[in-house]
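Here is the naming used below: chain letters follow the sequence lines, and residue numbers restart at 1 for every chain.
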4 protein chains.
Amino acid sequence: MLNRVILIGRLTKDPELRYTPAGVAVTQFTIAVDRPFSSQGGEREADFIPVVTWRQLAETCANYLRKGRLTAVEGRIQVRNYDNNEGKRVYVTEVIADNVRFLESNRDSGGSRDDGGSYGGSAPSSNNQPSRGGNNNSGYSRGPAADPFSDDGKPIDISDDDLPF
Amino acid sequence: MLNRVILIGRLTKDPELRYTPAGVAVTQFTIAVDRPFSSQGGEREADFIPVVTWRQLAETCANYLRKGRLTAVEGRIQVRNYDNNEGKRVYVTEVIADNVRFLESNRDSGGSRDDGGSYGGSAPSSNNQPSRGGNNNSGYSRGPAADPFSDDGKPIDISDDDLPF
Amino acid sequence: MLNRVILIGRLTKDPELRYTPAGVAVTQFTIAVDRPFSSQGGEREADFIPVVTWRQLAETCANYLRKGRLTAVEGRIQVRNYDNNEGKRVYVTEVIADNVRFLESNRDSGGSRDDGGSYGGSAPSSNNQPSRGGNNNSGYSRGPAADPFSDDGKPIDISDDDLPF
Amino acid sequence: MLNRVILIGRLTKDPELRYTPAGVAVTQFTIAVDRPFSSQGGEREADFIPVVTWRQLAETCANYLRKGRLTAVEGRIQVRNYDNNEGKRVYVTEVIADNVRFLESNRDSGGSRDDGGSYGGSAPSSNNQPSRGGNNNSGYSRGPAADPFSDDGKPIDISDDDLPF
DNA sequence: TTTT
DNA sequence: TTTT
């Protein structure tokens with residue numbers, strides 16, 4: 001009925017932009033969020049939370065976010081599952097973001113109107129499709145090697161069926 | 001730096017109250033949160049999100065929440081990991097709740113001052129320890145069969161080290 | 001940069017649906033949110049928070065919400081100001097809602113697909129305009145007596161300029 | 001039942017630390033939060049939202065926050081009212097913060113363990129009382145000139161009765 | 001492996 | 001398998 005998440009943390013790596021077979025942009029990154037207390041051993045701890053963005057927001061994130069940047073993410077928790085190659089059901093929990101705010105300016109970025117940040121649907125005349133012509137011969141659709149997130153050890157499991165809207 | 005989650009949904013089962021070896025109360029339940037859109041096939045979908053509560057709040061949830069009840073949960077996302085029996089690292093994502101609101105009254109409950117609901121630290125004179133005498137001979141500390149959540153297929157992996165505060 | 005509010009409480013009155021001079025639907029209501037603690041005198045207290053919804057969401061709220069209903073509201077805080085008839089600047093703080101969830105079913109309502117609740121933009125084929133023909137001769141545009149919120153003592157101060165999107 | 005606000009914006013002025021007659025620290029500041037869209041005229045707009053912090057958090061905010069700093073605030077909406085000197089009831093809406101994160105480092109601050117930020121109750125051995133000796137002859141209790149917020153045109157209206165916990 |  |  002209601003599902004809202006707000007996070008502030010730092011990217012653990014540069015974001016990765018890919019395209020679904022139908023040509024929809026999707027970007028994944030992980031945000032490290034420091035916990036408000038130390039562990040019993042005294043060391044600082046963090047939660048490493050996977051974030052997924054789609055369409056226009058995916059492309060904006062891929063363009064402006066970089067490893068280490070302080071970032072605010074607003075979205076919802078999604079729990080996906082799939083059967084892995086051993087036939088075992090695996091559950092994946094991610095935050096599907098609809099609003100990302102860049103809290104540290106990108107020295108090399110062109111002037112953004114909002115001192116950083118992007119709403120899911122805020123690009124007025126964007127069609128939320130990759131502007132790469134009619135042939136969506138993206139890496140994504142070509143096979144495992146180019147599929148989203150496969151290079152960080154996660155299975156190939158984002159498809160057009162996962163489109164959140 | 002900031003990690004906040006608010007969910008409204010329904011419990012998929014009665015909550016399960018257990019105790020850590022040190023005698024700290026911990027309750028786990030799953031909340032089904034309907035997505036705001038239907039899948040491409042047209043059927044309704046939901047995210048099934050695991051929730052953990054500790055101490056006084058754990059005991060209140062165990063007492064008042066039941067399967068199917070509409071419930072609001074406020075907390076933070078936590079990502080734990082442990083090595084399973086095949087030596088593989090497994091990641092578990094849960095919401096650690098610090099505020100739970102009971103949105104459907106429990107016909108058989110005594111009159112709560114707040115028409116349902118409980119803050120993590122709101123019980124004024126609670127010591128957040130199970131009131132079961134000095135001997136914490138809880139099921140939890142006795143062995144795998146009685147350990148938290150093992151009966152729903154999850155490994156035994158909540159210990160006093162997981163205490164969030 | 002980021003402005004997010006989530007409230008759960010009860011309507012203090014039936015909502016009021018009006019139209020701007022340009023014919024845009026706007027509904028106002030107040031939600032009473034119990035505080036999580038009692039005052040020093042011991043009595044229960046609540047915050048009475050004004051909520052505004054626009055367009056399709058305004059019409060859905062006017063149709064389904066009623067006084068006393070338990071309701072979840074998601075939106076942003078907006079602070080407007082205007083000069084009153086004594087030339088003094090007055091500040092008005094409201095929650096502009098983009099998501100409202102009906103937590104208590106309306107016995108007399110037709111079957112909603114979502115057991116209650118409505119997203120700001122979720123009505124697929126709604127044009128977010130009042131379906132009252134080309135002549136927007138609404139009460140709102142006619143004069144004080146029919147203007148939004150004037151009957152609860154608030155000045156007439158919502159115009160098309162206040163449209164949040 | 002539930003009342004949660006999360007804001008990210010910039011302080012419009014340095015915060016003001018005062019003490020109630022009973023000696024409880026209270027800090028007020030205003031945070032400017034840019035709206036995610038421009039007005040019809042095209043200019044950027046912002047909401048100016050008053051924030052109040054109490055006790056230890058008040059002192060931390062007074063020490064570390066400065067005009068212009070990017071800041072995240074977590075709390076609840078509170079609506080107070082009082083009768084002004086003309087006998088008219090005035091409503092004041094504020095965010096009572098329980099968590100404030102400093103998103104821009106204070107060049108001149110000593111090394112904070114948390115790269116900025118403070119939870120309401122996180123100072124382990126703080127007594128939440130001003131460390132100014134037994135005589136609470138604070139400016140607050142002495143008269144209008146030193147009273148909280150009076151210098152920005154707001155009436156003198158915070159007392160110990162307003163303590164949120 | 002799920003709620004209504 | 002991680003950010004500062």
Candidates [options] - which lies nearest the side chain of [X]:
X: A:T12; options: F:dT2, E:dT1, E:dT3; result: F:dT2
X: B:F48; options: F:dT2, F:dT3, E:dT3; result: E:dT3
X: A:T30; options: F:dT2, E:dT2, F:dT4; result: F:dT2
X: A:A46; options: F:dT3, F:dT2, E:dT2; result: F:dT3

- [ ] Could you check whether B:G68 gets within reach of a base, just the sugar-phosphate, or nothing at all, counting any heavy atom under 4.0 Å?
- [x]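 B:G68: backbone/sugar contact only, no base atoms under 4.0 Å.
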Nearest whole angstrom, please: distance from the [atom2] of [N] to the [atom1] of [X].
X: A:K13; N: F:dT2; atom1: NZ; atom2: C1'; result: 7 Å
X: B:D34; N: E:dT4; atom1: CG; atom2: P; result: 11 Å
X: A:R66; N: F:dT4; atom1: CZ; atom2: C1'; result: 18 Å
X: B:I49; N: E:dT2; atom1: CD1; atom2: P; result: 17 Å
X: A:K67; N: F:dT4; atom1: NZ; atom2: P; result: 6 Å
X: A:R35; N: F:dT3; atom1: CZ; atom2: P; result: 15 Å
X: A:D47; N: F:dT3; atom1: CG; atom2: P; result: 15 Å
X: A:E45; N: F:dT2; atom1: CD; atom2: P; result: 14 Å

Distance-minimising heavy-atom pair for [X] and [Y]:
X: A:A72; Y: D:I8; result: CB-CD1, 3.6 Å
X: B:L57; Y: B:A97; result: CD2-O, 3.6 Å
X: D:M1; Y: B:L103; result: CE-CD2, 3.7 Å

TODO: Please name the residue in the list A:Q28, A:R76, A:R80 that meets the side chain to side chain donor-acceptor pair (under 3.5 Å) test with A:E94.
DONE: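 Per the side chain to side chain donor-acceptor pair (under 3.5 Å) rule, the option paired with A:E94 is A:R80, out of A:Q28, A:R76, A:R80.
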